[in-house]
Amino acid sequence: MAAVRVEEVLAAAEEQEAEKQRSITVEKELELEFDLGNLLALDRNPPAAAGLRGAGPRREALLRALARDNTQLLVARLWELPAERAGGAGGPLVARLPEPAFRLPREKPPPRPRPPTRWEQFARLKGIRRRKRTSLVWDEQAKEWRRRWGYRRAGGDPARAWLAEVPEGADPEEDQFARLRREKRERVARNELNRLRNLARAHRAGTAVPAAPLHPTGHQSREELGRVARVARVSTASLGRFQPRLPKEPAEPPSRSGGRKRRFEPLLGNLAAERSRQLELLRDMGSKKPVLDITRAVNKQLRQEEAEAAAAKGKKQSQRGKRGRRQQRAGRSSKKSGARRQQQQRPAGSSTGGGKRKKA
Amino acid sequence: MRPLTEAETRAVFEKLGRYIGENIQLLVDRPDGTYCFRLHRDRVYYLSEKLLKVAVSIPRDNLVALGTCFGKFTKTQKFRLSVTALDFLAPYAKGFGVAAKSTQECRKVDPMAIVVFHQADVGEYVRNEDTLA
């Protein structure tokens, strides 16, 4: 009797093991092709055609089994990859994926190059090439390097020009200052018109033209520019995570609240959790024990120590008086020259030391 | 409408505690349903979960009040308990009394004057003999 029962138990255990093995081993005619960089598994085995015809629960079950098997194989491959613990000893186990082999097709068609502007066409015709100009120009009057244009440009502020010569053949009664101003306004307007025309041409030709707020105009405020810069930074495939920062741009930590400063609990959140939190709060309030805020306590202690040190130093200084102050100043300067002297000595010392070593 | 923050909850419970003492637990943790506090336009409302689920679908501008108003937060974030909370506080109150003097008088009165009358029935002294003195 006992023997039979033992046999039964063993048979049951063996069947359980087989079941477990069945669930993690998958038999396939053709091996799957894996592209682990894209977490991709390609199954070229022909499916059971008879079972897949027509909708129904059997088809669902077959498809589900197929998906499960293939996922099992993919996950088994993933577990074979070299893995490491991210973020220190307690962090999650992270597998190092290889480079993706499969090139995913583009979602949208590639952008077309923008059509050349009228100036670009003309320059190409005439063979004019861009000359790289220096940003700073020598200003003889100010005897220093000044910008070519902009704030404090070389050649003085054009708005403060106090002399405007009457050119030859011009009407002597005409106001030259007004003429200069008018001509500047006309130039600016013409440039703006041409820029908009180029933009319209690009738009008509089907090139990618950025949305209206992102067109650079001369009249954008600092906030607008900041916003546009942020949008441009985030407009990459990785949403700006690997975009190098400009020289003086501060590193922005990602704000979890996305621009909002205060975050509240969700309105209909977990009410049981809310209740337990409130009960705990009540318990804390009722326990009447002083809650020790360690940070505050430590800061208080530090401040106290600093105050004591400052007070002691102040007393010592006042005790020494003039003599003490003179000694202190001499002491400080000797410290500085001492450091310099040490630096000069060390290279000399090292060279002789090296020489000695060579001889030996 | 939003749930109360930690600081706001603390303020409300402190105020309630002065009137009903430890029994705030009975308000928070009720056997006959889940009740909660919600803040709407600086007023604290006490309502059941069922009512909350219905109130969520009303736009903020159109929502006037919900459940029972317990009190409000003033401009300087102090919590003022309101008389509409009386129905919920009465069963657990620490005690009842009648004001002997008006508010203005109470301010000008000397330290030994009587300001509250505690009206008791005949047997109260006998019942609470041990705790009274």
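Heavy atoms only: backbone and side chains are in, while hydrogens, waters and symmetry mates are out. Below, read A as the first sequence line, B as the second, and so on, with proteins coming before strands; counting in each chain starts at 1.
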Problem set entry | Spacing of CG belonging to Leu268(A) relative to CE belonging to Met1(B), to within rounding of 0.5 Å | 8.0 Å
Problem set entry | chain B contact via Leu267(A) - side chain, backbone, both or neither, heavy atoms under 4.5 Å | both
Exercise. When rounded to the nearest 0.5 angstrom, what is the spacing between CD in Glu22(B) and CG in Leu282(A)?
Worked result: 8.5 Å
Exercise. With only heavy atoms counted, which part of Glu265(A) is less than 4.5 Å from chain B, the side chain, the backbone, both or neither?
Worked result: both
For this session: Assess whether atom CZ of Arg106(A) is packed by more than 12 heavy atoms of other residues, nucleotides or ligands within 6.0 Å.
Result: yes
Problem set entry | Crowding at CZ, Arg59(A) (>12 non-hydrogen neighbours, <6.0 Å) | yes
Problem set entry | Atom pair CD (Glu49(B)) and CD (Glu274(A)), whose distance is rounded to the nearest 0.5 Å | 10.0 Å
For this session: Measure distances from Thr9(B) to the heavy atoms of chain A and classify the residue's part below 4.5 Å as side chain, backbone, both or neither.
Result: both
For this session: Select one option (side chain, backbone, both, neither) describing which atoms of Tyr35(B) are under 4.5 Å from chain A's heavy atoms.
Result: neither
Exercise. Are more than 12 heavy atoms from other residues, nucleotides or ligands located less than 6.0 Å from atom CZ of Arg275(A)?
Worked result: yes
Exercise. If you take all heavy atoms of Pro3(B) and Pro266(A), which pair is closest and at what distance?
Worked result: CG-O, 3.5 Å
For this session: Output yes when a side-chain donor or acceptor of Arg10(B) lies under 3.5 Å from a complementary backbone atom of Met285(A), and no otherwise.
Result: no
Seminar exercise, completed: In this structure, CD of Gln278(A) is separated from CG of Leu4(B) (nearest 0.5 Å) by 7.0 Å
Problem set entry | Other residues, nucleotides, ligands: >12 heavy atoms within 6.0 Å of Lys94(B) NZ | yes
Problem set entry | Phe264(A) CZ: over 12 foreign heavy atoms closer than 6.0 Å | yes
Exercise. Is it true that atom NZ of Lys15(B) has more than 12 heavy atoms of other residues, nucleotides or ligands lying nearer than 6.0 Å?
Worked result: yes
For this session: Kindly check if the number of other-residue, nucleotide or ligand heavy atoms within 6.0 Å of OH (Tyr19(B)) is above 12?
Result: no
